[in-house]
Amino acid sequence: LIFGVIGRALGCPFTEGEARRVSAEHGLDPTDYDQALTHLDSPALDPVEATLLGEARHTIRYRPADLQRRARKLLERITVAQFVDFVGTAALANAVARLALVLEPSR
């Protein structure tokens, strides 16, 4: 879902499409997927997942000091393992969504 949030925000159909496909493979109903990406929440998400989706959107366009401040507050609410997983996933999703431009046909 983090890939979906970032892919949608950056207008990357490849990243968002793959996130949709993988989410479906893991049993997330398409309606819940759409609700999660539209509202950054869904009854299908647990509280940590919902929190991380909101934070994922803040990783797209940010100021470093603000991002660090948000990261410190996030770390107070989740485990270190969850935090490391989130940071790595959000960083990778941002990179993939930006690099996916090479997959678009030339204009």
Side-chain angles (χ1 to χ4, degrees):
L1 286 173
I2 290 170
F3 272 77
V5 167
I6 291 170
R8 182 175 286 185
L10 291 175
C12 178
F14 171 78
T15 304
E16 186 179 351
E18 283 298 300
R20 178 181 295 279
R21 184 185 63 74
V22 170
S23 294
E25 285 179 3
H26 285 89
L28 185 63
D29 182 86
T31 302
D32 290 327
Y33 176 89
D34 288 330
Q35 182 174 356
L37 263 61
T38 300
H39 303 287
L40 302 178
D41 198 5
S42 165
L45 302 179
D46 67 38
V48 170
E49 291 169 332
T51 296
L52 295 180
L53 287 188
E55 292 301 320
R57 190 176 334 187
H58 290 287
T59 68
I60 298 162
R61 294 176 187 89
Y62 63 88
R63 295 190 320 235
D66 292 339
L67 188 62
Q68 286 296 94
R69 200 170 12 266
R70 292 188 73 85
R72 283 187 190 92
K73 288 182 180 178
L74 177 61
L75 191 51
E76 294 171 0
R77 300 186 338 237
I78 62 176
T79 68
V80 171
Q82 289 169 323
F83 180 80
V84 170
D85 189 43
F86 168 73
V87 169
T89 301
L92 183 59
N94 273 284
V96 167
R98 286 169 168 82
L99 290 171
L101 288 174
V102 300
L103 299 174
E104 292 181 11
S106 297
R107 296 179 190 191

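Every heavy atom of this structure was used, including side-chain atoms; hydrogens, water molecules and symmetry mates were not. Just so you know, these numbers come straight off a predicted model, no measurement behind them.
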Would you call Glu25 and Arg21 a salt bridge, using N to O less than 4.0 angstrom? yes
Rounded to the nearest 0.5 Å, how far apart are [atom1] of [X] and [atom2] of [Y]?
X     : Y     : atom1 : atom2 : value
Arg61 : Leu67 : CZ    : CG    : 14.0 Å
Gln82 : Glu49 : CD    : CD    : 9.5 Å
Thr51 : Ile78 : OG1   : CD1   : 8.5 Å
Leu52 : Thr89 : CG    : OG1   : 9.0 Å
Arg20 : Leu1  : CZ    : CG    : 10.5 Å
Arg57 : Ile2  : CZ    : CD1   : 13.5 Å

Side chains of Ile60 and Arg98 in contact at under 4.5 Å (non-hydrogen atoms): yes
Would you call Leu45 and Leu53 a side-chain contact if the rule is heavy atoms closer than 4.5 Å? yes
Restricting to non-hydrogen atoms, name the atom on [X] and the atom on [Y] that form the minimum distance, rounded to 0.1 Å.
X     : Y     : result
Gly11 : Pro13 : O-CD, 3.2 Å
Ala56 : Ile6  : O-CG1, 3.9 Å
Val80 : Leu75 : CA-CD1, 4.2 Å
Tyr33 : Glu16 : OH-O, 3.2 Å
Ala93 : Phe3  : CA-CE2, 3.5 Å
Asp46 : Val48 : OD1-N, 2.9 Å

Do Phe14 and Leu92 share a hydrophobic cluster (ILVMFWY, side-chain heavy atoms under 4.5 Å, transitive)? yes
Is there a path of hydrophobic side-chain contacts, each under 4.5 Å between heavy atoms of I/L/V/M/F/W/Y residues, joining Val96 to Val22? no
Under the 3.5 angstrom rule, does the side chain of Asp85 hit a backbone N or O of Ala81 as a donor-acceptor pair? no
Apply side chain to side chain contact (heavy atoms under 4.5 Å, CB included) to the pair Asn94 and Leu10, showing each step before the final yes or no. CA-CA 9 Å; Asn94 273 284; Leu10 291 175; 4.1 Å; yes
